[in-house]
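Numbers here simply count residues along the sequence, with the first being 1.
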Amino acid sequence: MKKSTGTFLKQAGHDKINRSANPAIVRASTILFKSIQELRAHQKNLKKDKKISYWDYGRQGSQTTIELQKILKELEEAHHVFLTQTGFGSVTLAIMSICRPGDEILVSDCVYRPTQELTSKMLKEFDINTIWYDPNNLEDLKKKITSKTKLIYVENPGSNTFEFQDLGKIISIAKRKKIFTALDNTWATAYFLKPIKLGFDLSITSATKYYSGHSDVMAGTLAVSKRVYKKVKWFNQISGYRLSADDAYMVIRGMRTLDLRLNKHEQSANIVARWLYKQKKIIKVLYPFKSSSKNYKLWKKYYSGSSGLLGIIIKSKNKSSVIRFINSLELFGIGYSWGGFESLAMYNGAVEMGKRNFFKLNKNEHLIRLHIGLENPKELILDLKKSLKKIK
Ligand SMILES: *Cc1c(COP(=O)(O)O)cnc(C)c1O
């Protein structure tokens, strides 16, 4: 029977040997073999990518991580999924697997701040040149492609600024020029968008966010196309990336309710966004809910849903009153990350945004990021309403 994603996520990962509804947590460094011959035969199978239920050494993972990989491979509709210890580990695994000295990497000028640092500073030291393109202008991307361009790295929507790009067009431009493509898909996850199916080679997700969903574990996933599989497999093997069995288990536990949580995040974020849009002190709501907007159209073209993370721009000459607005929220925590069950608020000034070439806040504008959690949205609105009064 063909299963919907929701049903699949409930039924996957049963442990047939122990008869438990969930996979066992298998912690292992050494894997024991009956003989040298058995070990060599197993290694041969590993090299040939034969389906396996255990590795030859714990750095590659264990039965628990294999179960998580199976679930993710199906969800992502990918050739293979690699696991890393953090979402940012998946960013570095993707980039380091593909880029070599002399290459150029075209990066959307709206990526996660640490990705900005990695590409512009760290890669530069290895003679890999980062070129920023305007996420709102495909022509800018096109004209920056050279014979050295190896990878186009996209984050969609943009970090904190939430601009949506025409993903299909980026893929066709890249394919014509034989350039690899990567997408940081943490905002939507493969539940709302399947990057590999769309044509990307590398699909990055911080499993710290919605996959685990409970703010108690860090992990990253990198789904890949067949085209880049060998490159990533090789770098993964020699770099020491690994996810522990305990953390993999926590991600599997989160995946059980991914559909339910994301549907609820989407519903509540829409309710809150529509209310925020009507508030005079808020001049912009950065979330795809207004059907006439360009971002909405680009979102609708590719995504089957939207998550709980949005931005608002507030205009005020009094910055400390904007900070007071955030501090006085009772139901929104103040802290990094998002994608857990709880609502969060964060102030993003020029420093937090890093150096952007194509985005500027106007004078007296303040960018605030809200994660709409699984609380009652009516209560979240009451909290926001009360705190907005602080803004002068
Ligand atoms: C959080 C985040 C990451 C990094 O994930 P960690 O698990 O915190 O390392 C990467 N990309 C995006 C878009 C993120 O939001």
Worksheet item: Taking atom types as modelled, is there a side-chain donor on N156 or Y303 under 3.5 Å from an acceptor on the other?
Response: yes

Worksheet item: Between M96 and L123, which heavy-atom pair has the shortest distance, and what is it?
Response: SD-CD2, 3.9 Å

Item to complete: Look at E76 together with K197 and state whether they make a salt bridge at an N to O cut-off of under 4.0 Å.
Response: no

Discussion item. Do K233 and Y241 form a cation-pi contact, if we require the NZ or CZ to be under 6.0 Å from the six-membered ring centre and within 45 degrees of the ring's axis?
Written reply: no

Item to complete: Answer with yes or no whether the hydrophobic clustering places V228 together with I128; edges join I, L, V, M, F, W, Y residues whose side-chain heavy atoms lie under 4.5 Å apart.
Response: yes

Worksheet item: Strictly by modelled atom types, are R356 and T161 linked by a side-chain donor-acceptor pair under 3.5 Å?
Response: yes

Discussion item. Rounded at 0.5 Å granularity, tell me how far OG1 in T86 sits from CG in D247.
Written reply: 11.0 Å

Discussion item. Check whether H371 reaches the backbone of G339 with its side chain - one donor and one acceptor, N or O, closer than 3.5 Å.
Written reply: yes

Discussion item. Looking at every non-hydrogen atom in both residues, tell me the closest pair between G240 and R59 and how far apart they are.
Written reply: CA-CD, 4.1 Å

Item to complete: Check the pair H265 / Y210 against ring-ring contact (aromatic ring centres under 6.0 Å, His included), numbers first and verdict last.
Response: CA-CA 10 Å; H265 283 294; Y210 289 119; 5.1 Å; yes

Fill in: side-chain hydrogen bond (donor to acceptor under 3.5 Å, both in side chains) between S343 and E375, intermediate numbers included
CA-CA 7 Å; S343 289; E375 300 90 346; 2.8 Å; yes

Worksheet item: Any side-chain donor-acceptor pair under 3.5 Å between E155 and T115?
Response: no

Discussion item. Has N185 got a side-chain atom pairing as donor or acceptor with S203's backbone, closer than 3.5 angstrom?
Written reply: no

Worksheet item: For the atom pair CG (D201) and OG1 (T181), what is the distance rounded to the nearest 0.5 Å?
Response: 4.0 Å

Worksheet item: Going hydrophobic residue to hydrophobic residue with side-chain gaps under 4.5 angstrom, can you get from W55 over to I25?
Response: no

Discussion item. Checking T146 against E104 for the side-chain hydrogen bond (donor to acceptor under 3.5 Å, both in side chains) test, could you report, in this order, the C-alpha distance in whole Å, the side-chain angles of both residues, the deciding distance, and whether it holds?
Written reply: CA-CA 8 Å; T146 72; E104 287 176 0; 2.7 Å; yes

Discussion item. Go through it in stages, so that I can follow the logic: the residues are H214 and R261, the test is side-chain contact (heavy atoms from CB on, under 4.5 Å), and I'd like the CA-CA distance, side-chain angles, deciding distance and then a yes or no.
Written reply: CA-CA 11 Å; H214 292 72; R261 287 184 289 107; 4.1 Å; yes

Worksheet item: So, the side chain of K150 versus the backbone of R100: is there a donor-acceptor pair under 3.5 Å, distance only?
Response: no

Worksheet item: N22 and side chain to side chain donor-acceptor pair (under 3.5 Å): which partner among R253, H14, R256?
Response: R256

Worksheet, complete the sentence: NZ (K284) and CG (L361) are apart, to the nearest 0.5 Å, by 9.5 Å

Worksheet item: Any chance the side chains of T84 and S90 put a donor and an acceptor closer than 3.5 Å?
Response: yes

Discussion item. My understanding is that only one of Y296, F162, Y277, W299 makes a ring-ring contact (aromatic ring centres under 6.0 Å, His included) with F289; could you say which?
Written reply: Y277

Discussion item. Regarding E139 and K143, does a basic nitrogen lie under 4.0 Å from an acidic carboxylate oxygen?
Written reply: no

Discussion item. For the backbone of Q116 and the side chain of S120, can you confirm whether one donor and one acceptor N or O come within less than 3.5 Å of each other?
Written reply: yes

Worksheet item: Does a side chain donor of either R324 or S328 reach within less than 3.5 Å of an acceptor in the other side chain?
Response: no

Practice prompt. With rounding to the nearest 0.5 Å, note down the distance linking OG in S62 to CG in D246.
Written response: 9.0 Å

Discussion item. The test is side-chain contact (heavy atoms from CB on, under 4.5 Å); show your working for V81 and L222 and say whether it passes.
Written reply: CA-CA 5 Å; V81 179; L222 176 64; over 6 Å; no

Item to complete: Check whether I391 and L382 end up in the same hydrophobic cluster, where Ile, Leu, Val, Met, Phe, Trp and Tyr are linked by side-chain heavy atoms less than 4.5 Å apart.
Response: no

Worksheet item: Hey, quick one: are V26 and I252 part of the same hydrophobic cluster, counting side-chain heavy atoms closer than 4.5 Å, chains of contacts allowed?
Response: no

Discussion item. Can you tell me how far apart CD1 (I71) and CD (E67) are? Round to the nearest 0.5 Å.
Written reply: 6.5 Å

Worksheet item: With a 3.5 Å cut-off and no angle check, do the side chains of E365 and N362 form a donor-acceptor pair?
Response: yes

Discussion item. Salt bridge check, D140 against K144: does any charged N sit closer than 4.0 Å to a carboxylate O?
Written reply: yes

Discussion item. According to a hydrophobic-cluster definition based on side-chain heavy atoms being under 4.5 Å apart (Ile, Leu, Val, Met, Phe, Trp, Tyr only), do V251 and W338 belong together?
Written reply: yes

Worksheet item: Y112 and E117: side-chain donor and acceptor closer than 3.5 Å?
Response: no

Response to the item:
From the list I368, L367, I312, side-chain contact (heavy atoms from CB on, under 4.5 Å) partner of L286 resolves to L367

Fill in: Pair D184-T186, side-chain donor/acceptor within less than 3.5 Å
yes

Discussion item. F126: which residues meet the ring pair (Phe, Tyr, Trp, His ring centres under 6.0 Å) condition with it, sequence neighbours left out?
Written reply: none

Worksheet entry | Test of ring centre spacing under 6.0 Å for H42 and Y54 | yes

Item to complete: State, without any angle test, whether S108 and Y153 hold a side-chain donor-acceptor pair at a distance under 3.5 Å.
Response: no

Worksheet item: Nearest 0.5 Å, what's the SG-CD1 distance between C99 and I105?
Response: 4.5 Å

Fill in: Residues D166 and Y302: side-chain donor-acceptor under 3.5 angstrom
yes

Worksheet item: Is it true that W187 and F192 have ring centroids separated by less than 6.0 Å?
Response: no

Worksheet item: E342 and S215: side-chain donor and acceptor closer than 3.5 Å?
Response: yes

Discussion item. Restricting to non-hydrogen atoms, name the atom on A94 and the atom on I204 that form the minimum distance, rounded to 0.1 Å.
Written reply: CB-CD1, 3.9 Å

Fill in: Least distance between heavy atoms, A269 atom then I372 atom
N-CG2, 3.8 Å

Discussion item. Test your reading of the model: is there a side-chain donor-acceptor pair from K194 to the backbone of A190, 3.5 Å cut-off?
Written reply: yes

Worksheet item: Does a side chain donor of either D56 or Q43 reach within less than 3.5 Å of an acceptor in the other side chain?
Response: yes

Worksheet entry | Between N318 and S320: side-chain donor-acceptor atoms closer than 3.5 Å | yes

